[in-house]
Amino acid sequence: MAKIGWIDSHCHIFSDEYRDCFDEVIKRAEENQVVQMLGICCTIEECEWALSMEKKDEIDIAVGFHPSDIKVACNWERLEELTRDPRIVAVGEIGLDYYWDKDNKEQQKEAFIRQIELANKVNKPIIVHSRDAMQDTIEILMQHSCNRKGIIHCYSGSVESAKILLNLGYTISFAGPVTFKKSVTPKEVATMIPLDRILTETDCPYMTPEPFRGKRNEPSYVPYTAKKVCELKNLEEEAFQKACLANYQALFHSEN
Ligand SMILES: [Zn+2]
């Protein structure tokens, strides 16, 4: 079990963005009491690079084909091989993105379902990306259940949709937008999510929380998002940290 501290359950630390400064980024995260990170790999190459590094307990790895990337040829065989690696804790991020791509909805749905089935085959949870596609996301998760469940990351839907996803067994993760002055719904959702189904993330390099909005995001900024959620839920920081760590361990480090 990791030390008590903050969790970044979704960061793209293995992307090219951090290739030249990886060690410093991790060091700054540790200095800011970030005790657990889940690095999301959207390509085979990113994942191979992640696996080539020395194993660190505070850094886990996930791999999956992002809905915005499935227009190009995907190496499904290699993806399956990689997801079988014991260091890969989840399949993701996978899902639907109708904000960037409206013209290949069926292809996105197929890739999403295929990767849920892959997660079940290798007995791992999923990390779900859903943008402007909540209705279809929910429908797919209802019809194609992931046995180990998973995270709906950077949640941006309504309170009603969150309730449905909770009923389906998923955990809701919050990123930078919950700190933005004008964002109302993420704050309402964060307030109502039960403590045993909540997580925090940066989704770096994007979604930078206040007060760094506009700068490149990184895991060391996750405390700003987490503290905002704490404040909304009227919780002591340590109680919230312990809850998030327990949720994270239950999802990724328990063989159920
Ligand atoms: Zn992401």
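Remember, it's 1-based here, ligands and their atoms both numbered in the order they're listed. Model, not experiment: these values are computed from the prediction.
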Say whether [X] and [Y], considering side chains only, have a donor N or O and an acceptor N or O under 3.5 Å apart.
X    : Y    : result
Y221 : D8   : no
T225 : T179 : no
E17  : H12  : no

Apex the Zn ion (ligand 1); atoms H12 NE2 and H10 NE2; angle rounded to 10 degrees: 100°
E106/K109 salt bridge by N-O under 4.0 Å criterion: yes
For the Zn ion (ligand 1): the N/O/S atom of E93 at shortest distance: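 Going by distance to the Zn ion (ligand 1), the closest N, O or S atom in E93 is OE2.
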Atom of D203 closest to the Zn ion (ligand 1), considering N, O or S atoms: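 Looking at D203, the N, O or S atom with the least distance to the Zn ion (ligand 1) is OD1.
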